[in-house]
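The structure under discussion appears below in the form of structure tokens.
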Amino acid sequence: MPPRKRKLDEMIADGKKQKSKPAQPQKETKGSNVEYCHWLMKSEPDSRLEKGIDVKFGIEDLKTCPDQTACWDGVRNYQARNFMRDQMKLGHKVFFYHSNTKEPGIVAICEVVKESYVDHTQFDSKDPHYDETSKKDNPRWYMVDVKYKRMLKRFVPLSQLKQLHIKHKETGGPLKNIALFTKARLSVQPVTQDEWDYILSLEDEG
DNA sequence: GCCAACGTTGGC
DNA sequence: GCCAACGTTGGC
């Protein structure tokens with residue numbers, strides 16, 4: 001029997017040449033085949049109702065979770081899902097980003113403490129991210145667990161990152177292609193080693 | 001609250 | 001497979 005064809009949307013979102021890669025030490029290589037080991041994940045620190053349910057989840061909410069760990073449920077975008085499902089591995093570092101708030105920006109560092117598993121909220125009709133088209137024998141959405149590590153010494157606002165991004169496009173600096181602006185609407189984004197190091201260096205600025 | 005950018009859906 | 005309409009994201 002031929003392999004079952006996957007749905008078109010998933011093919012597109014996955015990219016056609018995405019072969020399953022062995023889970024091995026992540027390394028950034030020059031050129032095409034980049035494997036990431038740093039990430040940025042967006043979450044909303046302010047209350048907002050979605051289907052009558054508050055989706056607020058800021059860094060202070062993560063800190064109060066058991067073991068300061070939360071499952072990253074509710075992602076309903078294929079690209080973001082694929083990063084979580086296929087590429088986010090134990091020990092990977094994550095910038096925790098506050099979005100849709102007065103002062104958007106990076107607030108903290110987290111770590112992946114559980115690799116991808118089925119997002120249970122897709123089957124929960126009361127959940128704001130319920131997906132009635134997803135079947136239990138073939139789940140569509142996956143998540144990882146993320147654990148709080150530490151606050152940044154200094155909040156790094158989106159406005160500063162944007163200034164630097166614009167400047168670096170001219171100068172060829174490390175933030176010239178940062179996904180925060182080149183793939184602005186992705187809620188789970190890869191961060192290169194250079195981007196990570198550069199943003200961390202901003203912590204120590206006056 | 002506005003709305004630009006962009007992802008998704010569905011008719012053809 | 002195109003593309004218009006529609007819905008969502010998220011900065012401002």
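Every heavy atom of this structure was used, including side-chain atoms; hydrogens, water molecules and symmetry mates were not. Remember, predicted model here, so these are calculated numbers, not experimental data. Letters A, B, ... are given to chains in the order of the sequence lines, protein chains preceding strands, and every chain is numbered from 1.
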Fill in the blank from the handout: Taking every heavy atom of A:M143 against every heavy atom of A:D73, the minimum-distance pair comes out as SD-CB, 3.7 Å
Handout entry: Check: A:G58 main-chain N/O paired with A:D61 side-chain donor or acceptor under 3.5 Å
Key = yes
Exercise for the section: Check whether any side-chain heavy atom of A:F181 sits under 4.5 Å from a side-chain heavy atom of A:L161, and report yes or no. Expected result: yes
Problem - Nearest heavy-atom neighbours spanning A:A179 and A:P190 - result: CB-O, 4.0 Å
Practice task
Indicate the atoms forming the closest heavy-atom contact of A:P128 with A:E50, along with that distance.
Solution key: CB-O, 3.5 Å
Problem - Rounded interatomic separation in angstrom, taking CZ from A:R140 and P from B:dG7 - result: 18 Å
Practice task
Check the angle between the aromatic planes of A:F83 and A:W39 and answer parallel, tilted or perpendicular using the 30° and 60° thresholds.
Solution key: tilted
Completion exercise
Taken to the nearest whole Å, CD/A:Q189 to C1'/B:dC6 is 14 Å
Please write out the pairs of protein N or O atoms and N or O atoms of nucleotides 2-4 of chain B separated by less than 3.5 Å, giving the distance to one decimal.
none

Exercise for the section: Take the angle between the ring planes of A:F57 and A:W72 and call it parallel below 30°, perpendicular above 60°, tilted in between. Expected result: perpendicular
Exercise for the section: Starting at atom CG of A:D46, determine the distance to atom P of B:dG1, rounded to an integer number of angstrom. Expected result: 15 Å
Practice task
Kindly give the heavy-atom pair with the smallest separation between A:T121 and A:G74, and that separation in Å.
Solution key: OG1-N, 3.9 Å
Could you list all N or O pairs between the protein and nucleotides 8-11 of chain C that sit under 3.5 Å apart?
residue	atom	partner	partner atom	Å
C:dT8	O2	A:R185	NH2	2.5
C:dT9	O4'	A:R185	NH2	3.4
C:dG10	OP1	A:K42	NZ	2.8
C:dG10	OP1	A:R185	O	3.1
C:dG11	OP1	A:Y97	OH	2.6
C:dG11	OP2	A:N100	N	3.0

